[in-house]
Protein chains: 2
Amino acid sequence: MSNEAAVEPRWLSDEEQYAWQCYLHATTLLEDHLDRQLQRDAGMPHVYYGLLVQLSRAPRRRLRMTELAQNAKITRSRLSHAIARLEKNGWVRRENCASDKRGQNAYLTDEGMRVLEKAAPGHVAAVRAAIFDRLSPEQVGQLAEICQVMTEGLQPQGADLPWLR
Amino acid sequence: MSNEAAVEPRWLSDEEQYAWQCYLHATTLLEDHLDRQLQRDAGMPHVYYGLLVQLSRAPRRRLRMTELAQNAKITRSRLSHAIARLEKNGWVRRENCASDKRGQNAYLTDEGMRVLEKAAPGHVAAVRAAIFDRLSPEQVGQLAEICQVMTEGLQPQGADLPWLR
DNA sequence: GGAGAGTTATTTAAGTTTTAACAACGCCGG
DNA sequence: CCGGCGTTGTTAAAACTTAAATAACTCTCC
């Protein structure tokens, strides 16, 4: 007698199912919207924009690849491709890491900084229009709290590698 | 004297910026997580799974392409590719629409239904583990409300076409 | 009834992401 | 010091998505 798949799964309640539907709609629509907005106004998708933002906030506008990947919640592989593209645009460049011969730093060029500064107002406006100008301050707090809880349950450790405990 | 780009944009407050960061982390981690879970357990990404769900809930397990695209919040182009792939797997098939010679219906095959039924428990468990088992009932309500508000501000009309008013 | 405009779905090409594999280096214990 | 194991970043190939163009059809209005 096995105990696998034996129990009836706990399906979602009506409220949960509804919330889930709302969540899926809202998140896909927003991501789509921001992708298009940034593609149009800055020539890059939202994720790439996020990378520039991360770099712009880092100490000397530079970060180790792995750290950048972790901050942006993407795999190192994806980051490699993204940085390659941004490098072609002249917005980012790579340099060897002094302390670790394997390491690479990505850094934001002056041109990249300019692109970012030019794109930022439009992007913030889009985010505002979609979220923060529509929610009450209480709701903003609730959203942060909810997302925090979700993130806690999802933090990966080996973002790229086979799932070795 | 032009009035374009003249005003300093309203940047996000600290609370807003924090909430936005949380949102981005949570949503990208979750989407990633579900994609992997479904890819592993059902051999398809989350979006494709969503298409099967939509079809399974539709009247005779079939929907017009456009309607399906709207429900799933994706472009018709993307849907075409997705259905082509699902068709190769034998999980979905197309048929001509009786009332409109341009139209196509996608319908879920018996095999597709079986795949869906086999994948559903694991998927629900993953969604539960990530969200609904972590949030209070109040938070679930808040989440639904917040996402609803967001969606209202984002509903597209011509999801695929050039943005003609 | 037919021209013009809009709709439906697909296709092609280019861009992005994933997966798995890999080369190169760092670190630790014997 | 060196063998094994983990880490860092990249890459090739396959899968997926996007953007733009297109064929086929419907609808409206004169």
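A, B, ... follow the sequence lines: proteins, then strands. Residue 1 opens every chain.
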Student: Glu15(A): which residues meet the side-chain contact (heavy atoms from CB on, under 4.5 Å) condition with it, sequence neighbours left out?
Tutor: Ser13(A)
Student: Can you pull out every side chain to side chain donor-acceptor pair (under 3.5 Å) where at least one residue sits in residues 50-63 of chain B? Sequence neighbours excluded, please.
Tutor: Gln54(B)-Asn71(B), Arg61(B)-Asp110(B), Arg62(B)-Glu95(B)
Student: Nearest-Å distance, NZ (Lys73(B)) to P (dT17(D))?
Tutor: 17 Å
Student: Within the modelled atom types, does a donor on one side and an acceptor on the other bring the side chain of Ser77(B) and the base of dT10(C) under 3.5 Å apart?
Tutor: no
Student: Contact between Leu29(B) and Gln155(A) at the side-chain level, heavy atoms closer than 4.5 Å - yes or no?
Tutor: yes
Student: Does any donor-acceptor pair link the side chain of Ser80(A) with the base of dT11(D) at a separation under 3.5 Å?
Tutor: no
Student: Show me the side-chain donor-acceptor pairs of residues 113-123 of chain B shorter than 3.5 Å, one per line, residues at least two apart or across chains.
Tutor:
none

Student: For Leu79(A) and dT8(D), give me the distance from atom CG to atom P, rounded to whole Å.
Tutor: 13 Å
Student: Between Glu67(A) and Gln39(B), which has a closest nucleotide on DNA chain D that is more 5'?
Tutor: Glu67(A)
Student: Which of residues 81-104 of chain A sit near DNA chain D, with a heavy atom under 4.0 Å from it?
Tutor: His81(A), Arg94(A), Arg102(A), Gly103(A), Gln104(A)
Student: Expressed in angstrom and rounded to an integer, what is the separation of Arg76(B) atom CZ from dT17(D) atom C1'?
Tutor: 16 Å
Student: Could you check Asn105(A), Leu63(A), Ile74(A) and say which one makes a side-chain contact (heavy atoms from CB on, under 4.5 Å) with Leu68(A)?
Tutor: Leu63(A)
Student: Going by the rule side-chain contact (heavy atoms from CB on, under 4.5 Å), which residues pair with Gln104(A) if we only count those two or more places apart in sequence or in a different chain?
Tutor: Met65(A), Arg94(A), Asn96(A)
Student: Residues two or more places apart in sequence or in another chain: which of them pass salt bridge (Lys or Arg N to Asp or Glu O under 4.0 Å) with Asp14(A)?
Tutor: none
Student: Could you tell me how far apart Arg36(B) (CZ) and dT18(C) (P) are, to the nearest whole angstrom?
Tutor: 7 Å
Student: Enumerate, atom names and distances included, each donor-acceptor pair closer than 3.5 Å involving a side-chain atom of residues 137-145 of chain A, sequence neighbours excluded.
Tutor:
unit_1: Glu138(A); atom_1: OE1; unit_2: Ser136(A); atom_2: OG; d: 3.2
unit_1: Gln139(A); atom_1: OE1; unit_2: Ser136(A); atom_2: N; d: 3.0

Student: Taking atom P of dT17(C) as reference, at what distance in whole Å does atom NE2 of His46(A) sit?
Tutor: 12 Å
Student: In whole Å, what is the span from the CG atom of Asp35(B) to the C1' atom of dA15(D)?
Tutor: 12 Å
Student: Expressed in angstrom and rounded to an integer, what is the separation of Leu68(B) atom CG from dA9(C) atom P?
Tutor: 10 Å
Student: Where along residues 55-65 of chain B does a heavy atom come under 4.0 Å from DNA chain C, residue by residue in number order?
Tutor: Arg64(B), Met65(B)
Student: Could you give the side-chain donor-acceptor pairs of residues 37-52 of chain A under 3.5 Å, partners two or more places apart or in another chain?
Tutor:
unit_1: Gln37(A); atom_1: NE2; unit_2: Asp41(A); atom_2: OD2; d: 3.0
unit_1: His46(A); atom_1: ND1; unit_2: Glu31(A); atom_2: OE1; d: 3.3

Student: Rounding to an integer number of Å, can you tell me how far Ile74(B) CD1 sits from dT10(C) P?
Tutor: 12 Å
